[in-house]
Amino acid sequence: MNQKTQKPAQIRHALTVKREDDFAAWYQQVVSEGEMAEESGVRGCMVIKPWGYGIWERIQKIMDAAIKEAGVDNCYFPLFIPLSYFAKEADHVEGFAKEMAVVTHHRLIADGKGGLMPDPEARLEEPLIVRPTSETVIGAAMARWVQSWRDLPLMVNQWANVVRWEMRTRMFLRTSEFLWQEGHTAHADRDDAMKETLRALEMYRSFAENVLAMPVVAGEKPENERFPGAVATYSIEAMMQDGKALQAGTSHYLGTGFAEAAGIRYQSKEGAQELAHTTSWGVSTRMIGGVIMTHGDDDGLRVPPAIAPHQIIILPMLREDDGDEALLAYCEEIRRELLKLSALGEPIRVLLDKRPGKATQKRWAWVKKGAPIILEIGGRDAAGGMVSALRRDRIWREDAKTNFVGQSREEFVAGVAALLEDIQASLHREATEKRDANITRGLTTLDQVAEFFAEDKRYPGWVELNWSRPTGDALEKVVEQLKALKLTIRNTALDAAPAEGLCPFTGEAAVERIYVARAY
RNA sequence: CGGGGAGUAGCGCAGCCUGGUAGCGCAUCUGCUUUGGGAGCAGAGGGUCGCAAGUUCGAAUCUUGUCUCCCCGACCA
C-alpha cells in the first residue's frame, strides 16, 4: 500500500450533467441553472428570464446600431396579418401554411360549465394569422410607399416577435414564439438587391464573430433549403460543441416574386413601370442558443464580455458582523472606479451583488450564468487594498481548485479592460480552433461520407465536399441520400477555395464546395 | 403529428404494481459553532401529488380524458 499516492484532485463541476455524457440534457441544464429561460405552460413558448433577456438586449443594441449604420430605419408592423395578404405568394404559402396560428374570433362567452369559449356569434369575417414573418404586410406597405425610382432603395427593419407552430421545440433553438429582427428592402434592380442581401449577410458574419465570439461560415444555401419564395438564400452557419451545425442568421434575395404579389412597382427614369427587387434578412433569439452551445462548459454558460449584461460581478464576502460596512464601502469604491472605464468600445458593466447570502453560493450561481469576471472581496482584501479575481473562461487550476488570482486593486483596475478583451478574444479563438479541428475534407465518395458519419462517432463535425450543384430531381435524390444519414447540406462558403475534382453524388465535375453536417 | 418516456416542495428523486390521507437528498429559514474559498451540528418551514372526470367508505396510487415537458421519427426561413 503506497500511502503517498494521492488520488488526483477531482474537479467538482457546477453542473450535474457533462456535455460529453448527454449534450441535450446538458443544454437544458445550462438554460435552467444559468437562469436564462423557463417553461411557460404554453406549448413551445418560453419565459425569458432577466439574464437571458439581458443578453438579448445586448444583441439588440449592437445589431440595431449596425442596421442603422447601413441606412435602414426601424418601424413596426402589426402582429396580425389578414389571411388574404398571406395567400398572395404561392411558394410562401406552401412553406408556412402548416405552422400557422390563426385568430378566428374576437369575443369570449361563458361555456355554461364554468369556463369560457369563443363566442360563435363573434367569428371574424376574415381570419387573421399571427405573423410567422412579415414579407406580406411589409410588401403591402411598400407597394404604397414606392412610386418612383427616387423612392428606392426602401429599407426598413423591425424588432418583433413571430409565431410558427412548431412540432418539436427546444429552448432558444426552436420555439413556437421567438424574438427577432427582420429587415426588408426594395431595390430598383437585381444587382442592388443582391448587394444588400450580401451586405446583411456580412453584417451577421461580423456580428457573430466579433460580438458573439462565434465562428461562422457565411455562404449560400442549396436550392432545397431556400426560404419559401426566395430566389437565393444565404446563411451563417456555426458549429456547436456536439459537432452539429446551427443556422444562426439568414439573408434572402427575393427577386421580384414578392413585389409582384404585393404590387411593389415604380416608374423608372425612362418612364416604364418596373417591379422592385426585394430582400429580407433576420437573426433571432436562436443566436442565444448558439452562444450557449458554442461557449458553454461543464460549469454552465460562458458569456462573451461583449454581450454579458454584467461583465464584472463584485461579490463581497459578507459575514454579517461589524466588518461588513467597511467591506461594502470598499466594494462600492471599486465599482465606481470600474464604471469610469471602457472595454470593447463601451463603458464597463459592473454589478455589486450585495444581496445577503454566502459569497460562495452566489459565486457558483454567477459561474453557471457565465459572468465573465467574478471579483470576490473579503475583509482582508479591503484592509490591504487587494482583490481576488476569477475569469470565467478559466476557472480551474491544475490542483482542481478555483483559479482566483489575488492582486492589488490598482493592478486589477489597470488591467481590467485588457482582461475583458482577452476573454472575448480567447473565447473566439477557442471556438475557432474547435471548429477547424472538426471540419473534414478530402472525402470523395458517398460511402466514405456514410462511414464518416457512422453511429459510433458521436461528434463527427462537418464535412466539406465537392459539389456539382445538381438541381431538380438530381438534387432531390442527393437530399434523400443525405437524409438517410441524417445529414443536410449547410451552405457553400462565399470565400471557399475553387473546387477541383468530381462531385461525390453525381460524378460530374465539381463547381463549388459544400458543407454537409447534422444540424439543429 | 406518429412511437416511447415523464409530470409528487425551488432543484433532483422515492412512494404507485399490492388504494388507508406524503417522504428523502440538496436548497431555504432559525440557533449555536465555524470563517479566505462550493462549512458543521441541531431544529424548523414549505406540497390542492400537472389538470379534470370516473371507480371507491377512502385515490399520489386504479380507469378515462386533457395539458405540458423530454427522447426518436416526420416536419422545420
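Just so you know, these numbers use all the heavy atoms, side chains as well, and skip hydrogens, waters and symmetry mates. First the proteins, then the strands, lettered A, B, ... as listed; each starts at 1.
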Visitor: Which residues pass the side-chain contact (heavy atoms from CB on, under 4.5 Å) test with A:T16, sequence neighbours left out?
Guide: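 Per chain and number, A:T16 pairs via side-chain contact (heavy atoms from CB on, under 4.5 Å) with A:Q29.
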Visitor: Applying a 3.5 Å limit to both distances, which nucleotide forms a Watson-Crick or G-U wobble pair with B:U55?
Guide: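 Looking at the geometry, B:U55 pairs with no nucleotide.
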Visitor: Remember a base hit wins even if backbone is also touched, and classify A:W366 as base, sugar-phosphate or nothing at under 4.0 Å, heavy atoms.
Guide: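 No contact.
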Visitor: Looking only at side-chain N and O atoms, does A:S388 come under 4.0 Å of OP1 or OP2 in B:G36?
Guide: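 Looking at the OP1 and OP2 atoms of B:G36, neither is under 4.0 Å from any side-chain N or O of A:S388.
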Visitor: For B:U35 and A:R319 - does any side-chain N or O of the residue sit under 4.0 Å from the phosphate oxygens OP1/OP2?
Guide: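 So the side-chain polar atoms of A:R319 never come under 4.0 Å of the phosphate oxygens OP1 or OP2 of B:U35.
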Visitor: More than 12 heavy atoms of other residues, nucleotides or ligands under 6.0 Å from CG of A:D21: is that the case?
Guide: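 It does: A:D21 CG has more than 12 such atoms within range.
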Visitor: Expressed as a whole number of Å, how far does the P atom of B:A44 sit from that of B:G25?
Guide: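 Taking atom P in both B:A44 and B:G25, they lie 13 Å apart.
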Visitor: Would you classify A:T360 as touching base, sugar-phosphate or nothing, given that sugar-phosphate means primed atoms plus P, OP1 and OP2, and contacts are heavy atoms under 4.0 Å?
Guide: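 Contact class for A:T360: sugar-phosphate only.
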Visitor: Give none if B:A9 has no partner; otherwise give the nucleotide forming a Watson-Crick or G-U wobble pair with it, both distances under 3.5 Å.
Guide: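 Pair assignment: B:A9 / none.
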Visitor: List, with names and distances, any nitrogen or oxygen atoms from the protein found under 3.5 Å away from nitrogen or oxygen atoms belonging to nucleotides 40-50 of chain B.
Guide:
none

Visitor: Should B:U66 form a Watson-Crick or G-U wobble pair with both distances under 3.5 Å, which nucleotide is its partner?
Guide: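 Check on B:U66: paired to B:G50, both distances under 3.5 Å.
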Visitor: Tell me whether the NZ or CZ atom of A:K49 lies within the 45° cone about the ring axis of A:Y53 and under 6.0 Å from its centre.
Guide: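 Not flagged: A:K49 not positioned over aromatic ring of A:Y53.
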Visitor: May I have the distance from A:Q361 (atom CD) to B:U35 (atom C1'), rounded to whole angstrom?
Guide: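 Rounding to the nearest Å, CD of A:Q361 and C1' of B:U35 are 15 Å apart.
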Visitor: Quote, to the nearest angstrom, the P distance that separates B:G7 from B:C26.
Guide: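 B:G7 and B:C26 have their P atoms separated by 22 Å.
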Visitor: Using a strict heavy-atom distance below 4.0 Å, which residues from residues 228-241 of chain A are in contact with RNA chain B?
Guide: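 RNA chain B contact set from residues 228-241 of chain A: A:P228.
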Visitor: Below the 4.0 Å mark, does B:A74 have OP1 or OP2 next to a side-chain nitrogen or oxygen of A:K98?
Guide: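 No, A:K98 has no side-chain N/O under 4.0 Å of OP1/OP2 on B:A74.
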Visitor: Under the rule for side-chain contact (heavy atoms from CB on, under 4.5 Å), what residues qualify as partners of A:K221, not counting sequence neighbours?
Guide: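 By the side-chain contact (heavy atoms from CB on, under 4.5 Å) rule, A:K221 matches A:E225, A:T233, A:S235, A:E237, A:Q247, A:R490, A:N491.
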Visitor: Please measure how far the P atom in B:G46 lies from the corresponding atom in B:G5, and state the result in whole Å.
Guide: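 Looking at atom P only, B:G46 and B:G5 are 36 Å apart.
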Visitor: Set out, line by line, the N/O atom pairs under 3.5 Å between protein and nucleotides 65-73 of chain B.
Guide:
unit_1 : atom_1 : unit_2 : atom_2 : d
B:C69  : OP1    : A:G44  : N      : 2.7
B:C70  : O3'    : A:Q28  : OE1    : 3.1
B:C72  : OP2    : A:R168 : NH2    : 2.1
B:G73  : OP1    : A:K486 : NZ     : 3.2

Visitor: Ring centres under 6.0 Å, that's the criterion: do A:H252 and A:Y234 meet it?
Guide: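 Between A:H252 and A:Y234, the centre distance exceeds or equals 6.0 Å.
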Visitor: Is the charged tip of A:R199 near the ring of A:W281: under 6.0 Å from the six-membered ring centre and within 45° of its axis?
Guide: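 Geometry flag: set, cation within 6.0 Å and 45°.
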Visitor: Checking A:R518 against A:F453: charged group under 6.0 Å from the ring centre and within 45 degrees of the axis?
Guide: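 No, A:R518 does not sit over the ring of A:F453.
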Visitor: Name all pairs fulfilling the salt bridge (charged side-chain N to carboxylate O under 4.0 Å, His left out) condition that reach into residues 171-183 of chain A, sequence neighbours left out, sorted by first residue then second.
Guide: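 Only A:E166-A:R174 qualify under salt bridge (charged side-chain N to carboxylate O under 4.0 Å, His left out).
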Visitor: Expressed as a whole number of Å, how far does the C1' atom of B:G2 sit from that of B:C62?
Guide: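 Roughly 28 Å separates the two C1' atoms.
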Visitor: So what does A:G282 hit on the nucleic acid, given a heavy-atom distance under 4.0 Å: a base, only sugar-phosphate, or nothing?
Guide: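 No contact.
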Visitor: Can the ring centroids of A:H13 and A:W364 be said to lie less than 6.0 angstrom from one another?
Guide: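 Centroid distance A:H13-A:W364: not below 6.0 Å, so no.
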